[in-house]
There are 2 protein chains.
Amino acid sequence: MKIQLSELDRKILRAVQDNSARSMAELGNVVGLSASACHRRLKSLEDRGLIAGYGATLDRRQLGFAMQFFIEVSLVSQSEPVLEAFENAVRAIPEILECHLMAGQSDYILRVVCRDAEAFAQLHRELVARLPGIARVHSNMSIREVKPYAGLPV
Amino acid sequence: MKIQLSELDRKILRAVQDNSARSMAELGNVVGLSASACHRRLKSLEDRGLIAGYGATLDRRQLGFAMQFFIEVSLVSQSEPVLEAFENAVRAIPEILECHLMAGQSDYILRVVCRDAEAFAQLHRELVARLPGIARVHSNMSIREVKPYAGLPV
DNA sequence: ACAACAATGCGCATCGGCGTACCGAGAGAA
DNA sequence: TTCTCTCGGTACGCCGATGCGCATTGTTGT
């Protein structure tokens, strides 16, 4: 069954995705509804599983993570145990914020943050050293976030 | 001046990054503090600019964005007007969630979501058609999120 | 060592926002 | 028309956020 959303629902999702610290009254003003109606619709959206969670976005720079990388990794083998070992290692490294299994040239893309070049060098060494199946590692550093993460185009 | 954080502050940041819907009392239980002390520390963290904002994470699948891509783009020229035009176009396309200017082989990396293959084909066409300076476009589809976005390792 | 001050945690009081119950308006079917 | 279903608004009780005063601890200077 396909989920149908009214324009009001989509407005609420946009508003809440952008800023979840608003009070219901403020949210109501934004989307053009009373606080209680807003609350009801938002609750319904949560119950239907459209909202995965609420969280704070921390300031990467302020916290000293000056560098950000997208690392492409290819493995020598796509056999199950090799992938399994790689993925478990990835999940255990906190500097790796994200990991995607890819279709295309590379097998994986990782998003990584580091405090400085030294930390990156160490992480890089750790990646290649710890994981036996690695065939190729291409690191690409982000120079500037042209468009910082924007929410889903609801 | 370097910002110094106590272990308590880091605990609060971790907790709030993971889930900002908790009450102060709950947050206090998590980090081992009273609600009022928690509130004061959190307020201080906000005032010092360590928290960029609060937001809801929407469920990509539920909202019908079945596909996710990382697109690498190279331009024929790195001249300022070309970059400028490209970046403005990127910012105007809502399906492009993120855009980074990169050091390395490719000039840009885009993160893109699409409802289906058709929508992706159209977006792809739009990208290459609209932007005169494009030399190369490599699309990589994410098959599986091995590690979904985890917060900064505070 | 001790005094003074800063830092920080806790408890309490107050006030505002959340969540619910109820009411009314509008649309659609019989 | 009238019944009903949906949905938004209003009213209100209660919980949680927020600010304050006090206590305790740690640090610094003499």
Side-chain angles (χ1 to χ4, degrees), chain A residues 1-65 94 115 151-154, chain B residues 1-65 151-154:
Chain A
M1 148 207 168
K2 183 111 173 283
I3 290 185
Q4 205 61 294
L5 290 178
S6 73
E7 178 56 28
L8 272 172
D9 287 324
R10 265 179 276 118
K11 268 189 190 171
I12 291 177
L13 285 177
R14 275 194 294 270
V16 158
Q17 182 177 38
D18 179 59
N19 177 7
S20 64
R22 277 188 272 247
S23 73
M24 282 297 157
E26 286 174 299
L27 185 59
N29 279 337
V30 172
V31 305
L33 230 56
S34 78
S36 70
C38 245
H39 178 256
R40 208 177 357 225
R41 292 198 96 102
L42 183 57
K43 179 99 185 353
S44 157
L45 291 169
E46 289 172 356
D47 291 344
R48 281 185 278 170
L50 290 162
I51 296 179
Y54 296 92
T57 305
L58 307 187
D59 190 298
R60 186 165 59 81
R61 303 302 178 89
Q62 291 280 342
L63 286 163
F65 297 100
R115 302 192 170 276
L152 293 173
V154 188
Chain B
M1 148 204 170
K2 184 112 172 284
I3 290 184
Q4 205 62 293
L5 291 178
S6 73
E7 178 55 28
L8 271 172
D9 287 324
R10 266 180 276 120
K11 268 189 190 173
I12 290 177
L13 286 177
R14 275 195 296 269
V16 157
Q17 182 177 37
D18 179 60
N19 178 7
S20 65
R22 277 188 271 247
S23 72
M24 281 300 157
E26 285 174 299
L27 186 57
N29 280 337
V30 172
V31 305
L33 230 57
S34 78
S36 66
C38 241
H39 178 255
R40 186 164 32 191
R41 293 200 96 101
L42 183 57
K43 179 101 189 345
S44 158
L45 291 169
E46 289 171 357
D47 291 344
R48 280 184 279 171
L50 290 162
I51 295 180
Y54 296 92
T57 305
L58 307 187
D59 189 298
R60 187 165 59 80
R61 304 301 179 91
Q62 292 280 342
L63 285 164
F65 297 101
L152 294 174
V154 189

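Just so it is clear, the structure is predicted and the values come from calculations on it, not from any experiment. These values consider heavy atoms only, across backbone and side chains, with no hydrogens, waters or symmetry-generated copies. Just so we're on the same page: letters track the sequence lines, and every chain starts at 1.
- Residue-level contact check: Leu27(A) touches neither bases nor backbone, having no heavy atom under 4.0 Å from any strand.
- To the nearest angstrom, P of dC15(D) lies 18 Å from CE of Met24(A).
- To the nearest angstrom, C1' of dC7(D) lies 12 Å from CG of Asp9(A).
- Put simply, CD on Glu26(A) is 16 Å from P on dA17(D), counting in whole angstrom units.
- Distance alone, capped at 3.5 Å, places no donor-acceptor pair between the Arg22(A) side chain and the Val30(A) backbone.
- Residue Glu46(B) contributes atom CD, which lies 12 Å from atom C1' of dT18(D) at whole-angstrom precision.
- Protein atom NZ of Lys43(B) is 11 Å distant from nucleotide atom P of dC20(D), rounded to whole Å.
- In this structure, the CG atom of Asp47(A) is 11 Å from the P atom of dG19(C), given to the nearest Å.
- The distance from atom CZ of Arg22(B) to atom P of dA17(D) is 12 Å, rounded to the nearest whole Å.
- The backbone N or O of Phe65(B) sits less than 3.5 Å from a side-chain atom of Arg60(B), completing a donor-acceptor pair.
- For the segment residues 33-41 of chain A, residues with any heavy atom less than 4.0 angstrom from an atom of DNA chain D are, sorted by number, Leu33(A), Ser34(A), Ser36(A), Ala37(A), Arg40(A), Arg41(A).
- To the nearest angstrom, P of dA17(D) lies 13 Å from CD1 of Ile12(B).
- The minimum heavy-atom distance between Gly49(B) and Asp59(A), with the atom names listed, is O-CB, 3.5 Å.
- Here the rule is salt bridge (Lys or Arg N to Asp or Glu O under 4.0 Å) with Asp9(B), and of Arg14(B), Lys43(B), Arg41(B), Arg40(B) only Arg41(B) fits it.
- Using a 4.0 Å heavy-atom distance criterion, Leu42(B) is classed as making no nucleic acid contact.
- Side-chain atoms of Val16(A) and Glu46(A), non-hydrogen and from C-beta on, never get closer than 4.5 Å to each other.
- A 4.5 Å side-chain heavy-atom check between Leu58(B) and Ile51(A) finds at least one atom pair inside the cut-off.
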